[in-house]
Protein chains: 2
Amino acid sequence: MQTSLRRAPLVTEICDRLLREHRAVEWLPGERTLSARLGVSRSALREAVQRLEIQGLLEVRHGVGVRVINNPQAPVQATLLRELPDFAERLRQFSEVRLLVEPEIARCAAERGSPEDRRRLQEVHARLGDATDVNHAVQADLDFHRTLADMAGNRILALMLGSIAELEEESRRITLMGVGIGAAFSQHERIAQAVVTGDGPSAREAMVEHVTAAGQASR
Amino acid sequence: MQTSLRRAPLVTEICDRLLREHRAVEWLPGERTLSARLGVSRSALREAVQRLEIQGLLEVRHGVGVRVINNPQAPVQATLLRELPDFAERLRQFSEVRLLVEPEIARCAAERGSPEDRRRLQEVHARLGDATDVNHAVQADLDFHRTLADMAGNRILALMLGSIAELEEESRRITLMGVGIGAAFSQHERIAQAVVTGDGPSAREAMVEHVTAAGQASR
DNA sequence: ACTGGTATGAGGTCAGACCAGTTGATTAAA
DNA sequence: TTTAATCAACTGGTCTGACCTCATACCAGT
């Protein structure tokens, strides 16, 4: 049915085409339509879709359809969960990584962030102050750290931290309640201040204290 | 709003069973045999196998068969390649991460490694001295760092570093040739010495110099 | 305005056929 | 006897078309 002489397996080709031709689409056509359009069988198309789903690039919903997303953290998270099935141990190693990576991210963010970035950071930071309930606070907290990671300009560190943070959203809720939103906010305040003024070492320092305090609280 | 009542999708169940019942097997039975044994269709079985392949738990070889492996780095590597398609930029961020993570790993390895670990490290280290050609040297170099990561007892850091290292095997070859195997060996020597004697700070320091030197060479 | 059916279209699973690499035994040639 | 070509029997890869389940919207009856 299909003609080309390919060296790469069909499925990987389909993956590429799906990504290339549907980057800007939200919901993509049904599997039957798609397979016909690409000139491949539905099974091959399905394998490709499944692959992209696992890689966090598509979301498949039974009875609804397939939509384009972009969650590069998904595969990392799956790996971490498999490698560290024990909750406590996972938490321990997460803290260790955060204590190592977050201060460095704060420093880089302070030294590399653009004015636009800094504005954005302050805005995100303000959201923690405005947070009414714990859920909002957790979300604002996550966003604050995520924004810093983006500013730091290292995709790898951002990826790791993002994966970790989302996996521990639950325990972060506990942390926030333990430390108190106010305390967290004032710690963020110091960090944001240092970052906005471009003071790398101070940002680093403030972050060390923040992460350490969080680590204490979750013990 | 949906929960509790629905059974898990067939494919995920198959994944679980495959992992559980074939953990100790090397090559698993053919797809037809397997699907019959599990009482599911070959397509469902194939989807499960593919899933595990992407997660680095199975290796599928056309015309040969499917075998059990354990390469948790695979999904992370795929993600990194997609997130950082540009070679130079990837290399830059990799160096940044290595400079941050490797020293900490060396320190932890020194402070946490068991006597058995230390013996193993020295043995691996010796292999770099015995290396006859560049390929062997690169392999020994990778193993040295991998061993340290294992000793440090943090799976996340080990995972990051492992993914990065394998992706940059080529450029590490260049580095090794640039610095010279002898120089690399003597840098490793200092690290190994510090780790074996349990001197964390020295190990950290030695590693900083080693990674820095490697970073210089690849410029 | 609510309830319950049902039509529709999505993904999920199935069966069986055929295509395409691998391997090793068999067989023909040196 | 040795060696090289061949073929048969695996393996996974792809295709087809059918049927099942799920989610949704629409509509008839209350």
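All heavy atoms count here, side chains included; hydrogens, waters and symmetry mates do not. Convention: sequence-line order gives letters A, B, ...; per-chain numbering from 1.
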Per atom distances to the B:Val11 side chain, the nearest of D:dC22, C:dT13, C:dA17 is C:dT13
Name the closest nucleotide to the A:Val60 side chain, picking from C:dG12, C:dC18, C:dT23. C:dG12
Neighbour count above 12 (heavy atom, 6.0 Å) for B:Arg23 CZ: no
hbond_proxy A:Arg32 side chain to D:dG17 base (donor-acceptor, 3.5 Å cutoff): no
Can you tell me how far P of C:dG21 sits from CD of B:Glu59, to the nearest Å? 18 Å
At under 4.0 Å, does any side-chain N or O of A:Arg61 touch on OP1 or OP2 of D:dA23? no
Would you mind reading off the distance between B:Gln50 atom CD and D:dT11 atom P, rounded to a whole angstrom? 20 Å
Check ion pair A:Arg172-A:Glu168 (N to O, under 4.0 angstrom): no
Per nearest nucleotide of DNA chain D, the residue lying toward the 5' end, A:Gly63 or A:Ile14, is A:Ile14
How many Å lie between CD on A:Glu13 and P on D:dG13, as a whole number? 15 Å
Check the distance between C:dC14's C1' and B:Leu10's CG and give it to me in whole angstrom. 10 Å
Would you kindly give the CG-to-P distance between B:Leu45 and C:dG16, to the nearest whole Å? 16 Å
Select one nucleotide: of D:dT21, D:dC15, C:dC18, the one nearest the side-chain heavy atoms of A:Ala44. D:dC15
Picking from C:dT22, D:dC15, C:dT13, the nucleotide nearest the side-chain atoms of A:Ser41 would be D:dC15
On the side chain of B:His62, is there an atom forming a donor-acceptor pair with the base of D:dT11 - under 3.5 Å, no angle test? no
Taking atom P of C:dG11 as reference, at what distance in whole Å does atom CD of A:Glu47 sit? 16 Å
Is A:Glu123 salt-bridged to A:Arg120, going by a charged N under 4.0 Å from an acidic O? no
Select one nucleotide: of D:dG13, C:dA15, D:dC19, the one nearest the side-chain heavy atoms of B:Arg42. D:dG13
Whole angstrom is fine here: how far is it from CD in A:Glu31 over to C1' in C:dG9? 12 Å
Spatial distance of atom CD (A:Gln77) from atom CG (A:Leu167) [nearest 0.5 Å]: 4.5 Å
Indicate whether OP1 or OP2 belonging to C:dG11 is found under 4.0 Å from a side-chain N or O atom of A:Arg46. no
How long is the line joining CG of A:Leu28 and C1' of C:dG11, in whole Å? 12 Å
Can A:Thr147 and A:Asp150 be counted as having a side-chain donor-acceptor contact under 3.5 angstrom? no
For A:Val49, which contact category applies under a 4.0 Å heavy-atom criterion: base, sugar-phosphate, or nothing? nothing
